There are 2 protein chains.
Amino acid sequence: MIFSQDKPVTSTDKTFILLRDDIVEGQITAGSKLSETELSTKYAVSRAVIREAINRLEACHIVERKANVGARVVALTPEGLLELYQVRESLEGMAARLAALNMTDEEIADLQLLLDGHFDEVKGGNSYYQEAGDVDFHYRIILGSKNKHLISMLYDGLYHLVRMYRVQLGMAGPRVTTAFDEHKHIVKAIANRDAELAEMLMRRHILYSKNNIQHKLT
Amino acid sequence: MIFSQDKPVTSTDKTFILLRDDIVEGQITAGSKLSETELSTKYAVSRAVIREAINRLEACHIVERKANVGARVVALTPEGLLELYQVRESLEGMAARLAALNMTDEEIADLQLLLDGHFDEVKGGNSYYQEAGDVDFHYRIILGSKNKHLISMLYDGLYHLVRMYRVQLGMAGPRVTTAFDEHKHIVKAIANRDAELAEMLMRRHILYSKNNIQHKLT
DNA sequence: TATTGATATTTTGTCGACAATAAAGGGTGT
DNA sequence: ACACCCTTTATTGTCGACAAAATATCAATA
């Protein structure tokens, strides 16, 4: 849990989040160069905090840096998306497995409630809440794994990249109703404490999601 | 591929590696505080490069930092080891799966050669080369996955932590001959392009390894 | 005209100093 | 003696300036 869950306190924290969101939401275009002096005037902070923010973005795999040359926002490629979802499948599968073992009964009940709440919105066909709901669902399970590394890697690292692809390639998805069913099955497996099944279902869920996005991309 | 594979060029790179190794090898004790001023005199560089080095160590989960307070080397706990191996199982399992799909025939042949070479040393009972050989083997497969994220997470991140546990808890392991057999089976699965089996065998291999270490730890 | 080499300019890397925050210590009052 | 508050001290966070490296500019030559 390095980055995000604690509220930003220092100036670098805030700048890091601003810069990250500007990149993820496409305000700063993918593949573009990040000039330290330029950014320091834009965000009205010193170059030192910009540097530190860029370093954190590098650790998130959102920018790439070459020594004595500078940093660039990563490019969004089909291969990159594929690799990203391979790692997601692996890590979130393990997260589901561990969640089935480590979540408390109360947490599982809460998760079920969350899903029931989303059910109404799915019927209403509200796409925005559908995506937010999807993210919420995955977060719960990630946190339910109770594994620090897993949480940090997914929460602080991969998810912003995933969102970057979603936003900039215009994936408001449909596939919401089917995804909702998959969510239901995963929760059921977790409630049954069936770690093996929970992992398998989650991996399939992410695999389908990848295929869906990839299909649109080509 | 953020950190290690490119040779260190900048002063920060070198200091980062020095500092990391001092921590991993136990020169700087686990759980201890990292004073920026103190380290800057010790390594004869400015506080700025120490800060940046510490930031990178934080991204590797080797140190933890609190705003306005400072950074501490992580503590080595049984739970931490468990969590680490859970992530390893997940990621290296996926790496083996992808390696079975993406490694070239030549790379697989090389891997087999590597294993044959280790076989002699295993018979000789040289424990140092056994561990180095184990690391080599895992590296090959990780690289064979051809997945940037996977490579970076394992190579730059987790492996130094794994080594930190190994060194500081004195795990020169035996289990070498049995591990060697497991390696052979994994390579066989990869050579057969059986991704499913390769992943499963790798996961078991890491699980056994975890159990072995954990058994010693308690 | 294309290429190579030197020069100039821009950008990153490093440093020391100052500001802000948190921890430590001492004093006072109950 | 104990607790609380204020002062002091030490450590981190932020800044601007300088050094070094890479890139761009331009001139001379083949």
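Protein chains get the first letters and strands the later ones, always in sequence-line order, with residue 1 at the start of each. What you see is a predicted model; the values in this text were computed from it and never measured. All values below come from the heavy atoms of this structure, side chains included, with hydrogens, waters and symmetry mates left out.
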Tell me, for nucleotides 11-17 of chain C in 5' to 3' order, what letter each nucleotide earns: B for a base near a protein heavy atom under 4.0 Å, S for only sugar-phosphate near one, - for neither? SBBBB-B
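- One interatomic measurement links the two molecules: CG of A:N55 to C1' of D:dG13, which rounds to 15 Å at whole-angstrom precision.
- For B:F137, the ring pair (Phe, Tyr, Trp, His ring centres under 6.0 Å) partners at least two apart in sequence or on another chain are B:H183.
- By the salt bridge (Lys or Arg N to Asp or Glu O under 4.0 Å) test, A:E38 pairs with no residue at all, sequence neighbours left out.
- With sequence neighbours excluded, the residues satisfying side chain to side chain contact (heavy atoms under 4.5 Å, CB included) with B:R47 are B:E36, B:T37, B:S40, B:R51.
- Here B:T29 pairs with B:S32 under the side chain to side chain contact (heavy atoms under 4.5 Å, CB included) rule; sequence neighbours left out.
- By the side chain to side chain contact (heavy atoms under 4.5 Å, CB included) test, B:E89 is found to be paired with A:M94, B:R203, B:I206, B:L207, residues two or more places apart in sequence or in another chain being considered.
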